[in-house]
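In what follows, a structure is listed as structure tokens, so that the remarks can point back to it.
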Amino acid sequence: MESVYHVPVMLQECMDALAIKPSGIYVDVTFGGGGHSREILNRLGPEGKLFAFDQDPDALANVIDDPRFTLIHQNFRFLKNSLRLYGVRYVDGILADLGVSSHQFDAADRGFSIRFDADLDMRMDRVSDLDAKTVLATYPEEELHRIFGMYGEIMNAKSLAKTIVTARLVQPIHTVAELKEVIRRLVPKGKEHKYHAQVFQALRIEVNRELEALQEFLLQSVGCLRAGGRLAVMSYHSLEDRLVKNFMAKGKFKGEVDKDFYGNEIKPFHVLSRKAITASPHELAVNNRSRSAKLRIAEKLDLS
């Protein structure tokens, strides 16, 4: 099922990043179709273990029948406590492939894609109460302005928020087509696809609290990795990449790196990828999703 569910991005590069030891314990916090997980298992010996996370119920259909594999149906923001429930304190590598899977984009009823007219849902966890149409229906104008400006990096975010608030007084905005029609006059000519993608990105990030979850995950990864363990994270837009880059380099999301009394830097990782790794020309030609992917790698320092 994985081949149609989601084509794994930069598969070889991710495996190289993890430097897999056959007897090690690894975590794939974004299981999806299981492409990366299957390749990790291929490189593990009989003593190795792989734990995977995914909050999307659709991903459960891709579970791998292997005694070395455990799928945890949770958001990766619960990384540390979930691993502890399985008696695991330290792991040798963690992989995160952020963003929306090909399957989620291609499933019209999920409301992630601008290609289909569907209910404005966008929940990765379908038991959550907050969906995109609720955001559009209930958020005050100032909050809509904030999320479109911050998460969508939309230049006319203020006008966009005002237009939505005005339109919903007349009629609820429940579908992709209705949203497109409401904002039609604000969309720059010739840049319709990019603008719509930015609007959808902003709504999706808000609905799923993606940046908050990413920060919680990164903070917990430090305590879960043993010294020498690898953290490999693929991101697909600048907001995620900035958080990952800063955290790997400084152990924090903003500001300068902390220093001890003697001026030595206090940080948990040694960055192994000074520049983000991007997909090869061949992969770009065959896997469109790899176009915006940026892979960063860091190794846990011995803090003892």
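Values below: all heavy atoms of this structure, side chains included; hydrogens, waters and symmetry mates excluded.
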Give a yes or no on whether the backbone of T134 and the side-chain of T138 come within a donor-acceptor separation of less than 3.5 Å. yes

For the pair E206 (side chain) and A202 (backbone), establish whether a donor and an acceptor sit closer than 3.5 Å, ignoring hydrogens and angles. no

Does NZ or CZ of R289 fall inside the cone over Y236's six-membered ring, less than 6.0 Å from its centre and within 45° of the axis? yes

Within 6.0 angstrom of K133 NZ, more than 12 heavy atoms from elsewhere: yes

Can you see which heavy atom on R168 is nearest to which on L136, and at what distance? NH1-O, 2.8 Å

Say you draw a straight line from CE of M15 to CD of E39; how long is it, rounded to the nearest 0.5 Å? 6.0 Å

Is R230 paired with E299 through a side-chain N to carboxylate O contact shorter than 4.0 Å? yes

Test item: E192 side-chain N/O and G190 main-chain N/O as donor-acceptor pair under 3.5 Å: yes

Value rounded to 0.5 Å, distance of CG in D56 from OG1 in T30: 12.0 Å

Value rounded to 0.5 Å, distance of CD in Q220 from CZ in F78: 8.5 Å

F217 and F76 aromatic centres sub-6.0 Å: yes

Under 6.0 Å from the NZ atom of K294, do we count more than 12 heavy atoms belonging to anything else shown? no

Measure the spacing between CG of N208 and CZ of R77 and express it to the nearest 0.5 Å. 10.0 Å

Quick one: does any side-chain atom of K300 pair with a main-chain N or O of V222 as donor and acceptor, under 3.5 Å? yes

Spacing of I205 atom CD1 and L214 atom CG [to the nearest 0.5 Å]: 10.0 Å

Between H36 (side chain) and V9 (backbone), is there a donor-acceptor pair under 3.5 Å? yes

How far does CG of N287 sit from NE2 of H282, to the nearest 0.5 angstrom? 9.5 Å

Pairing of D92 and R226 as salt bridge, 4.0 angstrom limit: yes

Under a 3.5 Å distance rule, please check whether R43 uses its side chain to pair with a backbone N or O of I20 as donor and acceptor. no

Does a salt bridge link D258 with K252, judged by any charged N lying under 4.0 Å from a carboxylate O? yes

Indicate yes or no for a side-chain donor-acceptor contact from R68 to the backbone of L44 under 3.5 Å, with no hydrogens or angles considered. yes

Looking at the rings of F31 and F53, which for Trp means the six-membered one, are their centres under 6.0 Å apart? no

For E47, does the CD atom sit with more than 12 other heavy atoms under 6.0 Å from it, leaving out its own atoms? no

Donor-acceptor contact present, side-chain D54 to main-chain G32, <3.5 Å: yes

